[in-house]
Amino acid sequence: MRIGLFGGSFDPIHLGHLLAASQAQEVLGLDRVLFVVAARPPHKVPVAPAEARYEMTLLAVAEDPRFTVSRLELDRPGPSYTVDTLREARRLFPEDELFFITGADAYRDVLAWKEGERLPEYATLVAVARPGYPLKEAPLPVVPLFVPEVGISSTEIRRRLKEGRSVRYWVPRAVEVYIEKHGLYR
């Protein structure tokens, strides 16, 4: 099988993430895409708790059989290092072809990640192209993934919520309801 591991903090997950995962599945011919929610990313501190981000991601992908959500990083203690996640994925899926998908902005600093230079040993690296982050500057070989630009970011969604503004059509409706119910990002 061809498995995509889509890593991110998903704080919160939004329609841009889902569009990128769909594009990756189609363009790369993936059999499935696993959303890997970063529990404790070493380079930033998420606003929402890890379990809330996991639950929102489950809600977001519930109706698409191509997508599942993984607890690879949530159930492991310590920081969420990508190299550890990919090692574990390689152990879980020894016969499968793995693709690690994340934003192009993240790949520009990949050599600063724990054992970043070793990531290609475990999976093909796929960078979702983002404005302002040219892939030619990525220090490791990456497969570019071009996605229609939607101009939605988790940062902007959190800002809108803090200001009491709507995020309808920015996130799946089930995620919007979850955020409202749990008073996240206020």
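Computed from a predicted structure; not experimentally measured. Residues take their numbers from the sequence shown, with the count starting at 1.
Leu59 and Ala174 make their closest contact through CD1-O, 3.8 Å (heavy atoms, listed as atom of the first residue, atom of the second, distance). Of all the heavy atoms in Tyr81 and Glu73, the pair that sits closest is O-OE2, 4.4 Å. Between Pro148 and Leu19, the closest heavy-atom pair is O-CD2, 3.6 Å. Summarising the geometry of Ala20 relative to Leu145, their closest heavy-atom pair is O-CD2, 3.7 Å, with the distance given to 0.1 Å. When all heavy atoms are compared, the tightest approach of Leu125 to Pro120 is CD1-CG, 4.1 Å. Pairing each heavy atom of Leu184 with each of Pro49, the nearest pair is CD2-CD, 4.4 Å.
Between His17 and Phe6, the ring planes lie perpendicular to each other; the angle is over 60°, past the 30° to 60° tilted range.
With respect to the salt-bridge test (charged N to carboxylate O, under 4.0 angstrom), the residues Arg186 and Glu180 do not qualify. A salt bridge is defined here as a Lys NZ or Arg NE, NH1 or NH2 lying under 4.0 Å from an Asp or Glu carboxylate O, and Arg168 with Glu176 meets this definition. By the 4.0 Å N-to-carboxylate-O rule, Glu121 lies close enough to Arg118 to be salt-bridged with it.
Listed for the Arg158 side chain is no donor-acceptor partner under 3.5 Å among the backbone atoms of Tyr185. Side chain of Asp96 to main chain of Arg2: no donor-acceptor pair is present (N/O by atom type, distance under 3.5 Å, no hydrogens or angles). A distance-only check finds a donor-acceptor pair linking the side chain of Asp11 to the backbone of Ala48 [under 3.5 Å]. For the pair Ser9 (side chain) and Ala38 (backbone), a donor-acceptor distance under 3.5 Å is absent. Using a distance-only test at 3.5 Å, with no hydrogens or angles considered, a donor-acceptor pair links the side chain of Arg90 to the main chain of Phe93. His182 places no side-chain N or O within donor-acceptor distance of the main-chain N or O of Ile179, the cut-off being under 3.5 Å.
Leu28 and Val142 are not part of a single hydrophobic cluster, where members link through side-chain heavy atoms under 4.5 Å apart. A chain of hydrophobic side-chain contacts below 4.5 Å, direct or via other Ile, Leu, Val, Met, Phe, Trp or Tyr residues, connects Tyr122 to Leu111. Under the 4.5 Å side-chain heavy-atom criterion for Ile, Leu, Val, Met, Phe, Trp and Tyr, Leu74 and Phe67 are members of the same hydrophobic cluster. In this structure, Phe10 is a member of the same hydrophobic cluster as Ile101, with clusters built from ILVMFWY side-chain heavy atoms closer than 4.5 Å. If you chain together hydrophobic residues whose side chains sit under 4.5 Å apart, Met1 and Leu92 fall into the same group.
In this structure, the side chains of Pro41 and Pro46 come closer than 4.5 Å at one or more pairs of heavy atoms. Ser80 places none of its side-chain heavy atoms less than 4.5 Å from the side chain of Thr85. The side-chain heavy atoms of Leu98 and Thr124, taken from C-beta on, include no pair separated by under 4.5 Å. Between Thr102 and Tyr107, some side-chain heavy-atom pair lies under the 4.5 Å cut-off. Between Trp113 and Leu119 there is a side-chain heavy-atom pair separated by less than 4.5 Å. Between Phe35 and Val61 the shortest side-chain heavy-atom distance falls below 4.5 Å. Residues Phe146 and Gln23 fail the side-chain proximity criterion, which asks for heavy atoms closer than 4.5 Å. Counting only heavy atoms from C-beta outward, the side chains of Pro172 and Leu18 approach each other to under 4.5 Å.
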In sequence, state the C-alpha distance, the side-chain angles, and the governing distance for Asp31 and Ile3, and then conclude on side chain to side chain contact (heavy atoms under 4.5 Å, CB included).
-> CA-CA 6 Å; Asp31 295 293; Ile3 300 172; 5.7 Å; no
Please walk me through it: do Val37 and Val69 pass side chain to side chain contact (heavy atoms under 4.5 Å, CB included)?
-> CA-CA 8 Å; Val37 179; Val69 184; 4.1 Å; yes
Begin from the C-alpha positions of Glu88 and Arg91 and carry the test salt bridge (Lys or Arg N to Asp or Glu O under 4.0 Å) through to its verdict.
-> CA-CA 5 Å; Glu88 180 66 10; Arg91 189 187 68 74; 2.6 Å; yes
Apply the test side chain to side chain contact (heavy atoms under 4.5 Å, CB included) to residues Gln25 and Arg32: give CA-CA distance (whole Å), side-chain angles for both, the deciding distance (0.1 Å), then the verdict.
-> CA-CA 7 Å; Gln25 186 275 321; Arg32 67 178 171 168; over 6 Å; no
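Listed by first and then second residue, the salt bridge (charged side-chain N to carboxylate O under 4.0 Å, His left out) pairs involving residues 43-61 are Glu51-Arg71 (not counting sequence neighbours).
The number of heavy atoms from other shown groups lying within 6.0 Å of NZ (Lys114) is above 12. Other residues, nucleotides and ligands contribute only 12 or fewer heavy atoms inside 6.0 Å of the CD atom of Glu63.
Between the CZ atom of Arg159 and the NZ atom of Lys162 there is a distance of 12.0 Å, given to the nearest 0.5 Å. For the atom pair OH (Tyr178) and CD1 (Ile13), the distance works out to 13.0 Å, reported to the nearest 0.5 Å. Here CG of Leu30 is found 9.0 Å from CD of Glu97. Values are rounded to the nearest 0.5 Å. Ile152 CD1 to Leu15 CG: the interatomic distance, rounded to the nearest 0.5 Å, is 5.0 Å. Separating the OG atom in Ser70 from the CG atom in Asp75 is a distance of 8.5 Å, to the nearest 0.5 Å. Atom OG1 of residue Thr82 and atom CG of residue Leu72 lie 11.5 Å apart, to the nearest 0.5 angstrom.
With sequence neighbours left out, the salt bridge (charged side-chain N to carboxylate O under 4.0 Å, His left out) criterion links Asp109 to no other residue.
At a cut-off of 3.5 Å, with distance as the only test, a side-chain donor of Arg66 or Ser22 sits close to an acceptor on the other residue.
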